Amino acid sequence: MSQKVVIIGGVAGGAGTAARLRRNDENAEIIMFERGGYISFANCGLPYYIGNTITERESLLIQTPEAMKARFNIDIRIMSEVTKILPDEKCVEITEKLTGRVYKESYDKLVISTGASPVIPPIEGIDGKDIYTLWTIPDTDKIKAIVDGKDIKKAAVIGGGFVGLEIAENLADLGIEVSLIEMQDQVMTTLDRDMAQFVHMELNAKGVKLFLNEAATAIRDTEKGKEITLTSGKTVDAELIVLSVGIKPNSAIAKECGIECGPKGHIIVNEYLETNKEDIYALGDVIEVVDYVTGRKTAVPLAGPANKMGRIMGDNLCGMKVKYNGTQGTFVAKIFGVTASGTGATEKSLKAMGKEPYKDYMVVYGHSNNHAGYYPGFSPLHTKLIFDPADGKILGAQAVGQGGTEKRIDVIATSIRFGGTIYDLTELELAYAPPYNTAKDPMNFLGFAAENILKGKVGLIQWHEMASLDLNKYQIIDARRQDEFDLGTIPGSVLIPVDEIREKIDMVDKNRIPVVFCRGAVRSYIAARVLLQNGWDEVLSMAGGYLTWEAGVYEPKN
């Protein structure tokens, strides 16, 4: 006897489930309800259509109801909102949005793929005109009509997450002056702040005004458009405002029928994506997931995990009992000329769990070129690796750079999934040719740096610890060249270039612990090794060198 499966919601999770289920079971009756008019579209491409990088609107539509019906024989009902789930009756209640008709549909198994919706903050004047969110195709059409039809000079984006950064870039690319308002002390909170600073630099370089540690408290109409008042009392003028302050799970109908939800409203599921109600499953942005690295419950609204869940769901609906083993949050984003990417745990997420640096985790940085320095077009690749000092197990990594940034993070993401350590990074044999890489890949370098620390080749100190050093106990040594030193150095440091350290070793105080830094961390390591073999018992090398320190103390501009 064939089963009847009802799916609430399309896009990655719902549409992926339906397609996989049909491939597994040709005889199943599959009904998909979608409250909007689009079952599968490229959410991540919406800002680029507004900015004219993507020129054809139709290219955003991954799958139409007609095409999916023809290929997979699925009963797709758009503009149909499921308003109630009745587990005892094993049916759902639907309202047709165009006609107002209300009816019920039975199911053998139910899949909830209702996703999430943008948060609308309680700001005075938030319901005025020319204030938009960007989440759906209709949202995109409204903003596109404004920027194409009016001579917009100034725009404000409230919120510095993925969508906020992407719409800020695309509005700026149209010649619009953009102000980005973020209540945290950084944009892109999936990065640690010291890595987000490279994104702040890029935004400022491209003319975006950054208002960090600021929240909008009121929006008022003016003769020129809008005036946004911030918590500091500052004001920002704009003719167009895009809200991107976060999302919330669309779990109301699940809660109403007794499905268990987490503290932030996400549906709780087991490893098979089953809810606490028999024959009811859930997936995608609406559910709570397990962090693959830390084992903690979290929510990760990314397309990659949602698509994988859809494949697993299509199997589990046919009794295959396939586990979803957690999400490690691998991401990538384009911000003007740089790429920001990361995977696994961040330093701040570990600190939030009560983990202590040096004891529970350690950090090293890298600033390698993205390909051979003698081949034209190379650029710096800023990287950060977080690992367990007990066994070298990789916990997470972040990178900001140009070409090849995300492929390096993919190496780390794969290593994490296979339980890799920093020692494995030293042994990886990765593709090399001058236009694509250096002979020693940047991920090899991170492994080397971490291995040197764990094997006691040199001591470690972080950039943010430099300001509090007692200079009666420590001597800060800049191992760079004179010309680099002249352009700026860490306060309190003395210049002893690495190539001169043997002949100038008398400049190193025998009664203080040397703390050595260079541009990245290569020359400082060499200098530290010289000192350790010439009478010093302890020498510290600053992780990431001057580039990391300079980024850490950078003041974003508005």
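Since the model is a prediction, treat every value here as computed from it, not as a measurement.
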*Taking everything shown except Lys557 itself, do over 12 heavy atoms lie less than 6.0 Å from its NZ?*
yes
*Is there a donor-acceptor pair under 3.5 Å between the side chain of Lys4 and the backbone N or O of Tyr107?*
no
_Ignoring hydrogens, what is the shortest heavy-atom contact between Val178 and Ala168? Give both atom names and the distance._
CG2-O, 3.7 Å
*asked:* Glu260: which residues meet the salt bridge (Lys or Arg N to Asp or Glu O under 4.0 Å) condition with it, sequence neighbours left out?
replied: none
*Does Lys226 come within less than 4.0 Å of Asp221, counting only side-chain N to carboxylate O?*
yes
*Side-chain (Arg22) to main-chain (Ala28) donor-acceptor, under 3.5 angstrom*: yes
*Tell me, with the steps shown, if Ser113 and Val286 meet side-chain contact (heavy atoms from CB on, under 4.5 Å).*
CA-CA 7 Å; Ser113 180; Val286 75; over 6 Å; no
_Test item: Lys407 and Ser341 side chains (from C-beta on) under 4.5 Å apart, heavy atoms_ = no
_Nearest-0.5 Å distance that lies between atom CE in Met79 and atom OG1 in Thr99_ = 10.5 Å
*Where the side chain of Asn170 meets the backbone of Glu166, is there a donor-acceptor pair that is under 3.5 Å apart?*
yes
*Kindly state each residue pair satisfying ring pair (Phe, Tyr, Trp, His ring centres under 6.0 Å) with at least one member in residues 131-155, sequence neighbours excluded.*
none
*Residue pairs, two or more places apart or on separate chains, that pass ring pair (Phe, Tyr, Trp, His ring centres under 6.0 Å) and touch residues 263-284*: none
*asked:* In the structure I gave you, are the side-chain heavy atoms of Leu134 and Thr140 within less than 4.5 Å of one another anywhere?
replied: yes
*asked:* Please check this pair: side chain of Asp173 against backbone of Gly51, looking for a donor-acceptor N/O pair closer than 3.5 Å.
replied: no
Could you list the donor-acceptor pairs under 3.5 angstrom formed by side chains in residues 293-313, with sequence neighbours left out?
residue : atom : partner : partner atom : Å
Thr294  : OG1  : Arg296  : N            : 3.3
Asn307  : ND2  : Ala303  : O            : 2.9

Please report, to 0.1 Å, the donor-acceptor pairs under 3.5 Å made by any side chain of residues 244-255, with sequence neighbours excluded.
residue : atom : partner : partner atom : Å
Ser244  : OG   : Gly164  : N            : 3.2
Asn250  : OD1  : Ser117  : OG           : 2.7
Asn250  : ND2  : Thr114  : O            : 2.8
Asn250  : ND2  : Ala116  : O            : 3.3
Asn250  : ND2  : Ser117  : OG           : 3.2
Ser251  : OG   : Gly265  : O            : 2.5

*asked:* Under a 3.5 Å distance rule, please check whether Gln3 uses its side chain to pair with a backbone N or O of Leu317 as donor and acceptor.
replied: yes
*Test item: Glu227 side-chain N/O and Thr235 main-chain N/O as donor-acceptor pair under 3.5 Å*: no
*Can you name the nearest heavy-atom pair linking Val6 to Ser106, along with the distance?*
CG2-O, 3.6 Å
*Tell me, do Glu169 and Pro47 make a side-chain contact under 4.5 Å, heavy atoms counted?*
no
*Do Val11 and Asp285 have side-chain heavy atoms sitting under 4.5 Å apart?*
no
*Is there a donor-acceptor pair under 3.5 Å between the side chain of Thr17 and the backbone N or O of Ala15?*
no
*Just grab all the salt bridge (charged side-chain N to carboxylate O under 4.0 Å, His left out) pairs involving residues 393-406, residues at least two apart or on different chains.*
none
*Could Asp237 and Lys224 be called an ion pair, given the rule that one side-chain N must be under 4.0 Å from one carboxylate O?*
no
_side chain to side chain donor-acceptor pair (under 3.5 Å) partners of residues 198-208, not counting sequence neighbours, each pair once_ = Gln197-His200, Glu202-Lys206, Asn204-Tyr554
*Apply the test salt bridge (Lys or Arg N to Asp or Glu O under 4.0 Å) to residues Lys321 and Glu274: give CA-CA distance (whole Å), side-chain angles for both, the deciding distance (0.1 Å), then the verdict.*
CA-CA 10 Å; Lys321 303 298 282 186; Glu274 298 169 316; 3.7 Å; yes
*Looking only at heavy atoms, which two atoms of Tyr361 and Ile386 are closest? And how far apart?*
CD1-CG2, 4.0 Å
What donor-acceptor contacts under 3.5 angstrom involve side-chain atoms of residues 81-89, with partners at least two apart or in another chain?
residue : atom : partner : partner atom : Å
Thr83   : OG1  : Glu93   : O            : 3.4
Glu89   : OE1  : Lys104  : NZ           : 3.4

_Would Ile50 and Ile167 count as a side-chain contact (heavy atoms from CB on, under 4.5 Å) here? Give the steps._
CA-CA 8 Å; Ile50 291 171; Ile167 190 62; 3.7 Å; yes
*asked:* Which heavy atom of Ala340 sits nearest to which heavy atom of Ile335, and what is that distance?
replied: CB-CD1, 3.9 Å
*Any side-chain heavy-atom pair from Glu29 and Asp75 closer than 4.5 angstrom?*
no
*With the threshold set at 4.0 Å, does a side-chain nitrogen-carboxylate oxygen contact exist between Arg220 and Glu124?*
yes
*Do Ile112 and Ile259 come close enough that some side-chain heavy atom pair is under 4.5 Å?*
yes
*Could you tell me whether the side chain of Val187 reaches within less than 4.5 Å of the side chain of Leu212, counting heavy atoms only?*
yes
*Any side-chain heavy-atom pair from Leu180 and Leu165 closer than 4.5 angstrom?*
yes
*Given Asn52 and Lys144, is the side-chain hydrogen bond (donor to acceptor under 3.5 Å, both in side chains) satisfied, shown in steps?*
CA-CA 9 Å; Asn52 293 329; Lys144 179 74 169 170; 2.3 Å; yes
*Can you check whether Lys109's main-chain N or O pairs, donor with acceptor, with Asp279's side chain at less than 3.5 Å?*
no
*Salt bridge present between Arg77 and Glu96 (N-O < 4.0 angstrom)*: no
*Enumerate the residue pairs fulfilling ring pair (Phe, Tyr, Trp, His ring centres under 6.0 Å) with a member in residues 150-193, sequence neighbours excluded, ordered by first and then second residue.*
Phe162-Phe331
*Residues in salt bridge (Lys or Arg N to Asp or Glu O under 4.0 Å) with Glu271, at least two apart?*
none
*asked:* Go through it in stages, so that I can follow the logic: the residues are Tyr38 and Leu61, the test is side-chain contact (heavy atoms from CB on, under 4.5 Å), and I'd like the CA-CA distance, side-chain angles, deciding distance and then a yes or no.
replied: CA-CA 8 Å; Tyr38 304 90; Leu61 306 178; 3.5 Å; yes
*When Gln398 is tested against each of His382, Met195, Met188 for side-chain contact (heavy atoms from CB on, under 4.5 Å), which residue passes?*
Met195
*Counting distance only, does the side-chain N/O of Gln186 pair as donor-acceptor with the main-chain N or O of Ala196 below 3.5 Å?*
no
*Drop me the distance from Ile219's CD1 to Leu243's CG, to the nearest 0.5 angstrom.*
6.5 Å
*Positive for salt bridge (Lys or Arg N to Asp or Glu O under 4.0 Å) with Lys209, one of Glu214, Glu182, Glu177*: Glu177
*Can you sort out the partners of Asp185 under salt bridge (Lys or Arg N to Asp or Glu O under 4.0 Å), two or more places apart, ordered by chain and number?*
Arg193
*How long is the gap from CG on Leu395 to CD on Gln328, to the nearest 0.5 Å?*
11.5 Å
*Sequence neighbours left out, what passes salt bridge (Lys or Arg N to Asp or Glu O under 4.0 Å) with Lys348? Give chain and number order.*
none
